[in-house]
Trainee: 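Shown below is the structure under consideration.
As the structure lists them, so they are numbered: ligands from 1, and atoms in each ligand from 1. Computed from a prediction, not measured in an experiment: that's the story for all the values here.
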Amino acid sequence: MRWVRFRTPDGEIHRGWVHEGRVGRVHGSPFDEFEREDLRWPLDEVKLLPPVTPSKIVCVGRNYAAHAAEHGAEVPSTPLLFLKPPSAIIGPGDTILLPPQSKRVEHEAELAVVIGRRGRWIPIDQAWDYVWGYTVANDVTARDLQRRDGQWTRAKGFDTFLPLGPWVDTEFDPSDALIMARVNDEVRQTGSTREMVFGIPQLITFISSIMTLEPGDVILTGTPAGVGPLRDGDVVEIEIEGLGVLRNPVRAEARPAA
Ligand code: MG
């Protein structure tokens with residue numbers, strides 16, 4: 001099943017499900033009991049919102065060897081974690097803003113895992129039971145600030161730096177899916193999710209040994225090689241085969257007048 005959050009033409013916000021280009025409401029909790037309504041709206045008549053509202057977004061750096069190599073970095077011996085704030089999230093079609101503080105903002109195509117059960121110290125042989133589903137993410141990064149700061153909160157944390165969507169697919173198979181980034185229809189990144197250094201069960205076990213994972217929390221699993229710049233007027237698409245396409249326009253953000 002493909003879960004969305006959406007706004008109807010008369011401005012109401014609902015959880016819903018998507019099937020064959022149409023959307024219907026869902027009542028109840030996706031993590032517990034729920035009931036589906038009929039597929040009342042064509043997809044292009046509603047506004048899709050970010051499909052989840054996580055308490056935290058845990059990200060993994062250098063989890064594809066070819067991407068670590070393009071920055072001259074070693075693959076770490078344990079997962080290299082950082083956080084993005086929930087305020088960075090935008091939905092499909094929303095605009096990525098290039099902040100005036102950076103001269104080099106880049107796309108990072110990533111598979112996002114969405115957690116479905118609360119857990120701490122999750123054993124590796126139970127890790128899959130804690131996955132609710134998967135969505136597409138763009139871990140937008142101010143590369144110049146990332147290099148300058150030595151840690152990544154500012155570089156990864158600007159508003160609009162986490163496009164997510166278009167939906168959470170609870171049946172997607174993440175074992176060997178093609179992952180791509182296109183800018184203005186030109187392919188920039190390609191890889192397969194099978195190339196991850198640390199797999200999804202290892203990441204869930206490792207992260208939950210540090211912090212409690214909550215239903216709706218998001219894990220970004222790292223990006224393959226080919227990251228590159230985003231410029232004012234670009235349109236960036238992240239596609240994961242069998243899961244979906246996440247498309248966002250890019251604009252320069254003006255510094256507010258003093
Ligand atoms: Mg990343």
Side-chain angles (χ1 to χ4, degrees), residues 50 52 54 56-90 96-99 102 104-115 134-165 174 177-183 187-200 202-204 206-207 210 217-230 234 236-240 243-244 246 248 250:
V52 283
K56 57 187 166 294
I57 303 99
V58 187
C59 311
V60 185
R62 300 177 199 153
N63 202 30
Y64 287 75
H67 169 65
E70 74 185 343
H71 289 150
E74 301 280 312
V75 169
S77 58
T78 52
L80 174 63
L81 302 184
F82 63 94
L83 295 167
K84 283 176 97 95
S87 49
I89 296 174
I90 57 174
I96 298 168
L97 294 174
L98 305 175
S102 173
R104 178 83 179 192
V105 173
E106 296 189 344
H107 53 82
E108 293 190 3
E110 308 209 9
L111 173 68
V113 178
V114 186
I115 296 296
Y134 303 88
T135 191
V136 182
N138 190 347
D139 175 19
V140 180
T141 303
R143 196 69 68 199
D144 49 352
L145 304 184
Q146 184 186 28
R147 295 211 171 97
R148 195 181 308 163
D149 289 355
Q151 53 80 25
W152 306 351
T153 303
R154 180 166 67 138
K156 300 277 194 178
F158 284 96
D159 282 4
T160 77
F161 271 26
L162 182 49
L164 271 183
L178 183 65
I179 176 164
M180 269 178 295
R182 288 185 293 268
V183 177
V187 176
R188 293 267 192 89
Q189 288 186 268
T190 51
S192 164
T193 54
R194 90 179 113 77
E195 298 158 18
M196 285 181 201
V197 176
F198 299 102
I200 291 165
Q202 285 168 287
L203 294 175
I204 289 172
F206 184 77
I207 294 165
I210 303 159
D217 280 355
V218 170
I219 299 172
L220 297 197
T221 55
T223 198
V227 297
L230 294 172
D234 283 347
V236 57
E237 283 181 330
I238 310 297
E239 177 166 8
I240 299 179
L243 180 53
L246 173 64
N248 297 91
V250 179

Trainee: Glu70: what forms a side chain to side chain donor-acceptor pair (under 3.5 Å) with it, not counting sequence neighbours?
Mentor: His67
Trainee: Taking side chain to side chain donor-acceptor pair (under 3.5 Å) as the definition, give me every residue that meets it alongside Glu106, ordered by chain and number, with sequence neighbours left out.
Mentor: Arg104, Arg143
Trainee: For the side chain to side chain contact (heavy atoms under 4.5 Å, CB included) test, which of Ile200, Ile219, Val136 pairs with Leu111?
Mentor: Ile200
Trainee: Pick out which of Leu98, Val236, Val105 makes a side chain to side chain contact (heavy atoms under 4.5 Å, CB included) with Val140.
Mentor: Val105
Trainee: My understanding is that only residues two or more places apart in sequence, or in another chain, count here; which of them pass side chain to side chain donor-acceptor pair (under 3.5 Å) with Thr160?
Mentor: none
Trainee: What's within reach of the Mg ion (ligand 1), meaning protein N/O/S atoms under 2.8 Å?
Mentor: Glu108 OE1, Glu110 OE2, Asp139 OD2
Trainee: Are Asn138 and Ile96 close enough, and set up right, to give a side-chain contact (heavy atoms from CB on, under 4.5 Å), and what steps lead you there?
Mentor: CA-CA 10 Å; Asn138 190 347; Ile96 298 168; 4.1 Å; yes
